[in-house]
Amino acid sequence: MKNPFPVNLQTSEDVRKAGWQAETRDDDGHLCRTHAPFETDEEIVWLVREALEHGETVTIWPAKGGAA
């Protein structure tokens with residue numbers, strides 16, 4: 001990513017603290033997209049498909065308050 005904006009430089013820890021449940025990153029480790037807590041499995045599939053089409057990696061954290 002040429003000339004990333006400050007938002008693209010956030011750490012995964014910062015993204016998670018902000019309440020996001022998932023993030024995607026490019027090959028350089030820059031933040032590309034975030035996703036609020038998922039409501040359906042289809043949302044997860046959509047995010048992963050979009051990220052993979054653009055060569056991004058995906059991280060999905062467990063939902064807060066979910067079953068243990």
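Bear in mind the structure is a predicted one, so any value in this text is a computation, not a measurement.
- Shortest non-hydrogen contact noted between R16 and P62 is NH2-CD, 3.8 Å.
- Separating the NE2 atom in H30 from the CG atom in N3 is a distance of 9.5 Å, to the nearest 0.5 Å.
- Atom OG1 of residue T24 and atom NE2 of residue H54 lie 9.5 Å apart, to the nearest 0.5 angstrom.
- Counting Ile, Leu, Val, Met, Phe, Trp and Tyr side chains that sit under 4.5 Å apart, directly or through other members, V48 shares a hydrophobic cluster with F38, I44, W46, L47, L52, V58, I60.
- Residue pairs meeting the salt bridge (charged side-chain N to carboxylate O under 4.0 Å, His left out) criterion with at least one member in residues 43-54, sequence neighbours excluded, are R33-E50.
- Here the closest heavy-atom approach between residue P37 and residue G19 is recorded as CD-O, 3.8 Å.
- Heavy atoms from other residues, nucleotides or ligands lying under 6.0 Å from CG of D28 number more than 12.
- Closest of all the heavy-atom pairs between R25 and T11 is NH2-C, 3.4 Å.
- Residues P4 and L9 come closest through the heavy atom pair CG-CD2, 3.9 Å.
- The closest donor-acceptor contact from the side chain of N8 to the backbone of L31 lies under 3.5 Å.
- The closest side-chain heavy-atom distance from S12 to W61 is below 4.5 Å.
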